[in-house]
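Comments concern the structure below.
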Number of protein chains: 2
Amino acid sequence: MFEVHRLRLLRELAARGTIAATAKACSLTPSAVSQQLSVLQREAGTPLLVRDGRHLILTEAGRVLVEHAEQVLAGLEAAKAALEALSDSVSGVVRIAAFPTAASSLVPAAIAAAQAAHPDLTVSLEDREGSAGIAALRAGQIDLLLVYEYNLLPEITDPGIELTPLVTESLLAAVPATLRLPRGALRLTALRDQPWIAPLSDSDLRATLERACGLAGFSPRLAYTSDDYTVILALVSAGLGVSLVPQLATERTSADIGLRAVADPTLYRAVSVAVRAGSARTPSLAVLIAELRDQAGRLRLPA
Amino acid sequence: MFEVHRLRLLRELAARGTIAATAKACSLTPSAVSQQLSVLQREAGTPLLVRDGRHLILTEAGRVLVEHAEQVLAGLEAAKAALEALSDSVSGVVRIAAFPTAASSLVPAAIAAAQAAHPDLTVSLEDREGSAGIAALRAGQIDLLLVYEYNLLPEITDPGIELTPLVTESLLAAVPATLRLPRGALRLTALRDQPWIAPLSDSDLRATLERACGLAGFSPRLAYTSDDYTVILALVSAGLGVSLVPQLATERTSADIGLRAVADPTLYRAVSVAVRAGSARTPSLAVLIAELRDQAGRLRLPA
DNA sequence: GATCTCGTTTAGGCTGGCTAAATGTTCGAG
DNA sequence: CTCGAACATTTAGCCAGCCTAAACGAGATC
């Protein structure tokens, strides 16, 4: 019968594509991973991996086994959750990671409320964004992760991860208050000749901005880049350009910035909470998820 | 995360009740089982077992974990089955066990048909009956088991086992042809004053006989006992008493035996094929199950 | 073609799981 | 009531399996 730690390695390999990355994620040497996967293939009686240049790709059998491995691993998570649910005490340590905007808005209030209701609960929080967060979640370095998905980008579909939607927020065009804009629904083309202030090149928001401008039929002229919304908004406020920012980042903006929802193309991002598949019923996680939903419901997002 | 071999030990313990029996079933020493279960409890963070005299019983947490363990182990079986289904070759060894009546009627024809269609398939067959068969199936000593369930007795409900019904056969009253019986539906009370020929005391059929007579309001006068239907029917044929036998055992009976279905109480047994949960889709098992269903359908059971 | 980055192989050390034997309890039989 | 059988547990010690490290081979990149 398959050993669960070997199945885990196979799953990580499927997600990461190289043995080196898998080894790092699991705190092992590539050698150990390679050996364990060899054993797994011998047990399976079929090759699960084939070399493709210096990478490995899964065979059909490998993909089938990964699929079942997800199931089995989720079952083990669920077992753990069920045991903790029995003892019914919300306690222990929950390690949360979130993207900065959430970490400074939703999350602190939720943690505070959860700890007030359950004094034995300990929570840690760190910044993590995008796929690095997903990887850390699956590797067990964190237990709960706040993620966003932009509507123009591919969604997260990882069978080892369960997503619970929290809130959907529009992306707002941030423009200097002095800038005259047409009334009514704002089309992105109205900003085509403005200088743009953009996030750094590898961020999802940057990709969304470029896709959106592409859909609107122009290529934005980039004047400044920063990943810090405070900086971006300060640049807008100084009249140096326009930008696109999520609603959550605009809670306190000065009066010399105009914020307008973009109607064409439709731009929004969905904020969700992610946990390992099967672990959502762990009492401490369930409490935190409920508090996050509660906080998200309280948000008054000015549309 | 829980190790699968520990979960397997817990499940076996849940089914068997003692560490000694679990150890024997898994070819280990009691010491090894005890140690592994200690580790499992430490990992679970909760006691899973409590001593009850010289036995162990599961706590609530233990039962919950066993339930999830069944799920996980079935998932692993399913993974194996899916991989074998991919290679699509019906081959390898399938170890079958059956109760004697099935082993001499249904099973040989099914094995012959399966091997004719799939020359690489090897099948072994042995006699096993009742709970010993279930235990052997779960322990992996056999892969497929034919079982019967009498309608008056508790059913088999083992979450680690999947049952596929094959056929339902009536229990027939076997009486000397010289015995005059009322026409129409036969009520068991019509036989209350006859001497009875019964199976041995620990068999399911014996228990069914006694429950049925109890429902009919009398206690059977036992004249002879045997577990071999040939012997039982010879005794009936000699006019020494009456008995209750399943239809499958009556395929060739001499003319001096009268066979009548019992209408009150209704008596029948269901014959099913049992495999480990998750393994039913293994190609070789799937073929054999299909052949068994086919053979069962061919049976002309004279009612 | 030099070099960097993979994956694999081999050798060797260490942890974890096993057996064996001793210990402590409980239950039943004489 | 005592003795013995059946059970679980503990301890000590052995061995296999898994890991690391180092050397090697094969692609990709400049």
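Residue numbering restarts at 1 for every chain, and letters A, B, ... go by the order of the sequence lines. These numbers come from a predicted model, not from an experiment.
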(request) Might you point out which heavy atoms bring A:H68 and B:G75 nearest each other, and give the distance in Å? (result) CD2-O, 4.3 Å

(message) What's the closest nucleotide to the side chain of A:A32 if the choices are C:dG17, D:dA8, D:dC19?
(response) D:dC19

(message) Starting the side chain at C-beta, find the nucleotide from D:dT9, D:dC18, C:dC6 nearest to A:R6.
(response) D:dC18

(request) Can you figure out which of C:dA20, C:dA11, D:dT9 approaches the side chain of B:P30 most closely? (result) D:dT9

(message) Counting only side-chain heavy atoms from C-beta out, which of C:dG7, D:dT20, D:dC7 sits nearest to B:T18?
(response) D:dC7

(message) Just the rounded figure in Å: distance from C1' of D:dT9 to CG of B:L13.
(response) 14 Å

(request) Can you tell me the distance, in whole Å, between the CZ atom of A:R16 and the P atom of C:dC6? (result) 14 Å

(message) Of the options C:dG17, D:dC18, D:dA8, whose atoms approach the side-chain atoms of B:H5 most closely?
(response) C:dG17

(message) Between B:S34 and D:dT9, is there a contact of a side-chain N or O with OP1 or OP2 at under 4.0 Å?
(response) yes

(request) Mind calculating the distance between CD1 (A:I19) and P (D:dC19) to the nearest angstrom? (result) 13 Å

(request) Send over the distance from B:L40 CG to C:dG17 C1', rounded to a whole Å. (result) 15 Å

(message) In this structure, how many angstroms lie between the C1' atom of D:dG17 and the CD atom of B:E3, rounded?
(response) 12 Å

(message) Could you check whether any side-chain heavy atom of A:W196 comes within less than 4.5 Å of a side-chain heavy atom of A:L209, counting everything from C-beta outward?
(response) yes

(request) Write down the distance between CG (B:L28) and P (D:dC15), rounded to a whole number of angstrom. (result) 18 Å

(request) Report yes if the side chains of B:E77 and A:M1 come closer than 4.5 Å at any heavy-atom pair, otherwise no. (result) yes

(request) Establish, with yes or no, whether the OP1 or OP2 oxygen of C:dG7 is under 4.0 angstrom from a side-chain nitrogen or oxygen of A:Q35. (result) no

(request) Considering non-hydrogen atoms only, spot the tightest contact between A:L144 and A:L137 and give its length. (result) N-CD1, 3.8 Å

(request) Identify which nucleotide among D:dA12, D:dT9, C:dG7 has an atom closest to any side-chain atom of B:R51, counting heavy atoms from C-beta outward. (result) D:dT9

(request) Search all heavy atoms of A:F99 against all heavy atoms of A:L146 and return the closest pair with its distance. (result) CD2-O, 3.3 Å

(message) Closest-nucleotide mapping onto DNA chain D: is B:H55 or A:S31 further toward the 5' terminus? I mean the 5' end.
(response) B:H55

(message) In this structure, how many angstroms lie between the P atom of C:dG24 and the CG atom of B:L56, rounded?
(response) 19 Å

(message) In whole Å, I'd like the distance from the CD1 atom of A:I57 to the P atom of C:dG7.
(response) 13 Å

